[in-house]
Each structure stands twice: as C-alpha cells, then as structure tokens.
Amino acid sequence: MRHRWLLLLLVVPGWAWAFERGFWLAGLAWLERPSEWSARRWGLKEQGGYGVLRLEVASQDPWREPVRNRIEAEIRDLGLPVAGASLRLGRDGQGEVLFRWERRASAEGRAATPFQGVGGNALRLPPDWQAGPSTAAFRLERVPLERFEYGKQRDRHGVAWRWLPTADTRLELMAERERRQGLKPFGAMVGTTGGNARAAIVPMPIDETTQDMRLALSRGGSEQAWRMETKLSQYRDRVNTLIWQHPFANVPGLPAEAGWPRAIGQAAAPPSNRALMLSASGWRRLRPTLAVHGELMLGRHWQDRPFLPYTAHPDWLARPLVPPPRRSLDGEIRLERAAGRVEWRLSESTELAVLARHERREDRSPIALFRQVPSDAAPQAAAPDARWRFRLPLDWRECALESGLTWRFAHSGRLGLRLGLEETARRFAERDRTRDRFLAAEAMAKGPFDTRLSLQAEYRERRGDAYIGERPFLAAFLPEYVATVPGGFENAPLLRRPHLADRDRLVLAGQLFRALGERTELVLRWNHLEDSFDRSVLGLLAARRHALALELVRPLGPEGSLSAFLVGERAESVQAGHSFRGGANRLPDLADPGRRWRVEQEDEIDGLGIAARRGTGLRTLELSLAALRYRTRFGIEAGSALSAAPLPSLSGRMLLGSLRAMQPLREGVALVGEWRGERLWFRDPLARGLAADQLAGVLLATPEDRPGPAHVFLIALRVDLP
C-alpha cells in the first residue's frame, strides 16, 4: 500500500505537494536516412519513427517547515536508443536517495561474413567452403553471407544514498551495475610465426557486467577536513571463449592438420576479476600560514578464472600434452599510493609548496613456465623453443618530489616557478630506471578593460640507466632456447620504446581574455608541445603538436546570446625502423643499412562553429552550426633493399548542425521542433573499407557502411505542470 501512495504522489504530485518546476514532453522523432555516423553518434540505426518522452518534475512538501521533503524526477528521451531516468527523494539538510537508470547504444558499422553462428561463441564455415593458402582462392561470390552489426548497448542502473548526521559530516553509499551486450571485431589467428600466420576478422560476442559499490565518510570545516572511502568492483564476462573454423588451407611451415577442414582456433575472452580499494585523504591548517595535505590509497585486484585448455584442436589434444603449470593465473595486483603536500605562506605575497608522492604497482602473480601450443597451429614442442615461455610480472614503482614558489603582485597578477624530479623503476623492462626532471614557470597579469594574460612554460628531461633492448627476451625464455637465436634478441636492439627512451620535452601555453564590452568576451588559447628523441636510432624520433583556439561570446539583446569558435591544430611525427628477416638472414639483415626505413606524418585539423540563442521561457530559438576539416600526409624513405610506395594523402570534411524552436500555443503549452544533421565527405581509399579478400593472409568482414547525410527531426508537445 505504501508503494501505491508513492506512485500516486509521483504521478499527480500537485495534489499534495507544491511544485517548484516541472514539465512533460511527448513527440515523434524521425530518422530520414540511416548512416554509420547517425548510428555511432545517436544510436539510431533504422530509418523511420521513434517515440520520445521527456519529463522533469521538482516538488516539495509544504507542510513541513523549516525542514522539507523534496522529490525530483526526470526522464530523458525515453524511446530512443540513448535514454535515461532518475528519481531523487530527499530532506533539506539531512540527506537524500537517488535512483538512476541510463541506456546508451552505439553502432560501429555493418558488415557481412561467411561464418555462420554470429552472436554465439562457435563460428563455423559452410560445408562446401573453398579453402586455399590465401584469400585469392576463396570463392566468396558463391558463399551465403551472414550480416551483422558491430556495436554495443550499455544499460546502467544504480542507487546512491547520502546522509548528513551533522552540518559538516556526510555519509555516502553508492551501488551501480552496468551490463554491456553486442558484437566487436576480433582477429582470429592461426599460425606459429609472423611469416606463416593466417587470420580472419570475425564478430566476437560481448556480454559483460560490472558491479561497483562505494562507501565514503567525510567531514569538513574551515581548519581541517578528511575523507575515508572504500570501493569494491566486480567484473564478469559471460563469454568464456570463442571457437572458429580456420578458413585457410595448409601453408608452408605448418603441419597439414593446421589447415581447412580440420583446423580449429580458440581464444579466451577477457577474464572475470574483482578489485578492492581503500583510501583516506585530508588536510589540516597547523598555523594561519601553514597547512598540510595527505593522501593514502591501497588497492587489490584479483583474477582466478580457470585457464582454457592449451588448444581446441582435436589432433593436438590427442597427443601427449603437458598441462598449464597451474589451474588459473592466480593473479593478484597490489597498488599503493601515498602523497603529501605542505603549503607555507612566507609573506603576504609569497607562498611555498612542497609535494612528495610514492606509487607502486606490485604483480603478485606467480612466475611460471608455460609450454604453450602456438595458436592452435602445431603440437606442443618437446624441446625448449619459442613455445616455452615464462609469464613475467609487470611491476613498477614511482617516486616524485616537487617544490613550487609563487609571488603575487597586488591585484595585477602572479608569477610561479616549479622544480621537480620523478623516478620510475620497472622489472623485466629494457630499462631498470628512468628519471624525469622538469622546470616550469607560470605568469599571469591583469590589464585595463578586464584583460587577463597567462603564460606557461615547462621543460622536461628524461634519462635513465643503460638501455638493454634484449632484456625482456632473455627473461621470458629458457637459456637453452636463447642459445639457438642468432644475436640473442627478439626485436632490433637499437629500437627504443617511447615511454622508456631518453626524451626532451618542451611545453608552451598561453591564454588571453579580453572583455570587449558589456557581457562580450574574447578568449584566445594557444599551446605547443615538442618531444625530441634524438638519442634514439630506431623508433619514435620526434613529435610536435601546435593548437590555436579563438572563442567569442556576445549578447543579442536582453534575451539572447551569440557564441563562435575557431580552432586549428597541427601534429607532426617522425618514425624510423629496420626490416630484418629470420633464420640465417637475421644478423646480416640487421647490419644492412639498405633495410632502414623512415616515415614522416603530418596531421592538420581545422574547425569553426557558431551558436545562437534567442528568447526565454516557452518562446525560444536555438541554432548551432559547425564545420571540421582534417588532412593527413605521409612521407616515406626506404633503403635500397626494400620496396616501398608512397602513401596517399587522407582528407575529410564534416558539417554538423542543430536547430531547436519552441512556440507557445497557450499558457503552459508549447510546440517543440528539433533538427539535428551531419554530412561527411572523404578522400580516403579506406573510407569505404576493404573487400573481404583484399588482403592475402586475412579474411576480412565485408563492410556495409551507409554513407551520406543523416538528419533527425523531432516534433513534440511540451506541457508545463501547474
């Protein structure tokens, strides 16, 4: 009976409660022409009509004063793929309960595949499948294709409870659950090396759930504040594995059983896991000029999902097989973070701040030797080789110390300097330790006519211990196998990973704010980032980015406004590499300068837009337009021993627009019309995707994109609640 009364109060709250605000809107949305972009942006995939319902209610109990009960309810775009609802029940100054639900659907594009059983975890080919060592032998025009759509739907619902036992104390409890379902592309590969691998792009089902719970207690005041929090998270994947028939016939270097029709591949889905985090933070003012801040966090992640068998191939299962070293990964990751900050005001215009931070990620998962079956393509090796590999923990520890000094100059501006050092240590990486030193400066000044200028500059230098490129390779394999590999390395020894290589970074930024008149504002932003890896021979050598943005906001009378923006961005990068083969050619190829290559890439992005609003209440008109353009160019240099062709330039344009008008019909009732549209143009050979047999060693899913403009219209009736 209590629930019925609550439902009655929600439906007709005006009978017993006083309205603060509220309206409902019901109408029809129409998608004129579906496209990949309308599905990706709005979740709308099919042409036709969609019913839409919106509701917003805020009400209070007038019979209880000064403490009042409150109800707020909201429904957003019910009937569309992107929708939500919330209900808030609360009492002034004492607490509230919030119920919420949200749905988001997106589509990444349609495709077709010769595999049958899409949506399940077992994909099979037609019985009369025509196999071959490459896709050129496939007779795809004679094969029935199964059509599907990449994308996912997210359904999230939760409850949050907040209680204020005193004016400065808050207790919060939150529980949330999200389920994601759909299809995603997966590379189903069978092979033992990069030279004999064959693969197919197949749809892998998505059916996963994340549950989060959080409990927090906080208290704050003018002289001190603290917060304690506990988070518990659990991830569950209902898709345990994906099994598929291999579409390729036997290729050189693989056993006969590794080809159609006997070959079967298997892959595991992301494993279910759980996590727990405890944290505490706070600050306290010790003296009027001295304050301290502190933070402590401890986290644990566990994953103990049972391992799949090494292979699903019946021929390999029938042979003697050494099982995995244990039932599951028995994985555990420990996270630690401790940070402290001291702020000291030396004088009326000078402040000193010192920050210390320690973070650690410790992988407690046991180290073990796995005698794996290589991608369901060959039996388990009897002697140590590349199929015998250690599972290595990935640990890191980072310590940082930073100090900053700030000078304030009356009311006209300030100047700040920061100096810091960060040191990171890793296990089983190419570099044991890296050290980042940085110096940063910031200045802000105020001028006449409400003009404000701010400038920032930062220089970072990363150096470290000796870079040993073969260290992960030596740690992952048995010495007996390493002795059989010429040179004793896996990747080119001169290759540098960007996050470990020596680097010099320069960051510059600025912002200018100017008031041009009453309520008219002009903002100019600029930033520049430049990375140099001049001590690296192979890998990323340099990267630069420049960005400029201009924004203008201007009133249109007492009931309107106009805003506009103009943005531009440029990015450049230089990448160097070396191509070498295996076997007897491994070391001679590495010493051959004719096998070096270099790629320079330049990206340009420009955009402009305008938005205007006019009117108030139920008589409004809103318009927005935006145009974006991008362009990518490549430059390739290849050695005399390599064959390379120029890459084409890529470019595209996008137009986005929206229009919303509301016209009153009578008091409290208005007619609402909305339009959203977009149009895209491409000069990109890959914009329409590749044919299923375009690549010799990979069977692709045939794309079925829907190019062209997309327009969504909405006509609705809005009624204000009394």
Side-chain angles (χ1 to χ4, degrees), residues 7 10-14 19-59 71-88 99-107 151 153-157 559-561 611-626 655-679 706 708-722:
L7 178 62
L10 291 176
V11 175
V12 287
F19 272 116
E20 292 181 340
R21 67 180 188 277
F23 73 88
W24 61 263
L25 181 149
L28 176 67
W30 180 269
L31 176 63
E32 178 193 7
R33 181 179 180 181
S35 73
E36 176 189 358
W37 306 99
S38 67
R40 190 187 300 267
R41 181 179 295 270
W42 306 314
L44 301 176
K45 299 176 288 186
E46 303 295 336
Q47 181 178 1
Y50 299 81
V52 180
L53 174 65
R54 299 174 187 169
L55 172 69
E56 185 177 318
V57 174
S59 184
I71 292 179
E72 296 182 8
E74 182 183 13
I75 296 176
R76 303 182 304 277
D77 294 335
L78 192 63
L80 295 180
V82 179
S86 64
L87 172 63
R88 189 187 304 269
F99 303 91
R100 58 190 175 199
W101 165 80
E102 184 179 19
R103 168 171 291 174
R104 290 189 172 274
S106 64
Q153 177 177 299
R154 298 171 177 260
D155 284 286
R156 179 186 301 174
H157 54 271
E559 299 180 353
S561 62
R613 187 181 188 279
R614 185 79 177 183
T616 58
L618 296 182
R619 189 188 300 273
T620 58
L621 179 65
E622 300 176 8
L623 172 67
S624 68
L625 296 172
L655 290 179
L656 305 173
S658 68
L659 177 65
R660 185 176 189 271
M662 190 159 50
Q663 175 65 37
L665 302 178
R666 59 184 178 87
E667 185 178 357
V669 180
L671 185 66
V672 179
E674 294 185 18
W675 162 78
R676 298 179 186 178
E678 57 186 19
R679 178 70 183 269
R706 296 158 291 185
H711 300 279
V712 179
F713 300 92
L714 170 69
I715 185 71
L717 187 68
R718 170 183 164 136
V719 178
D720 285 352
L721 298 176

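FYI, the numbering just counts along the sequence from 1.
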Distance in Å, [X] [atom1] paired with [Y] [atom2], rounded so as to fall on 0.5 Å steps:
X      : Y      : atom1 : atom2 : value
Arg679 : Leu655 : CZ    : CG    : 8.5 Å
Ser658 : Leu625 : OG    : CG    : 7.5 Å
Glu674 : Leu25  : CD    : CG    : 7.5 Å
Arg103 : Leu78  : CZ    : CG    : 9.0 Å
Arg718 : Leu665 : CZ    : CG    : 12.5 Å
Ser86  : Arg76  : OG    : CZ    : 6.0 Å

If you look at every heavy atom in [X] and [Y], which pair is closest and at what distance?
X      : Y      : result
Gly27  : Leu714 : C-CD1, 4.4 Å
Ile715 : Leu671 : CD1-CD1, 4.0 Å
Trp675 : His711 : NE1-ND1, 3.1 Å
Trp24  : Leu721 : CD1-CD2, 3.6 Å
Phe23  : Leu55  : O-CD1, 3.3 Å
Leu717 : Ala670 : CD1-O, 3.5 Å

Salt bridge or not for Glu102 and Arg104, using N-O below 4.0 Å?
yes
Salt bridge flag under 4.0 Å for residues Glu56 and Arg54
no
Kindly indicate, with the supporting measurements, whether the criterion side-chain contact (heavy atoms from CB on, under 4.5 Å) is fulfilled by Asp155 and Trp101.
CA-CA 7 Å; Asp155 284 286; Trp101 165 80; 3.8 Å; yes
With respect to Glu622, which candidate in Arg676, Arg613, Arg614 satisfies the salt bridge (Lys or Arg N to Asp or Glu O under 4.0 Å) definition?
Arg613
Would you say the side chain of Val52 lies within less than 4.5 Å of the side chain of Leu80, judging by non-hydrogen atoms?
yes
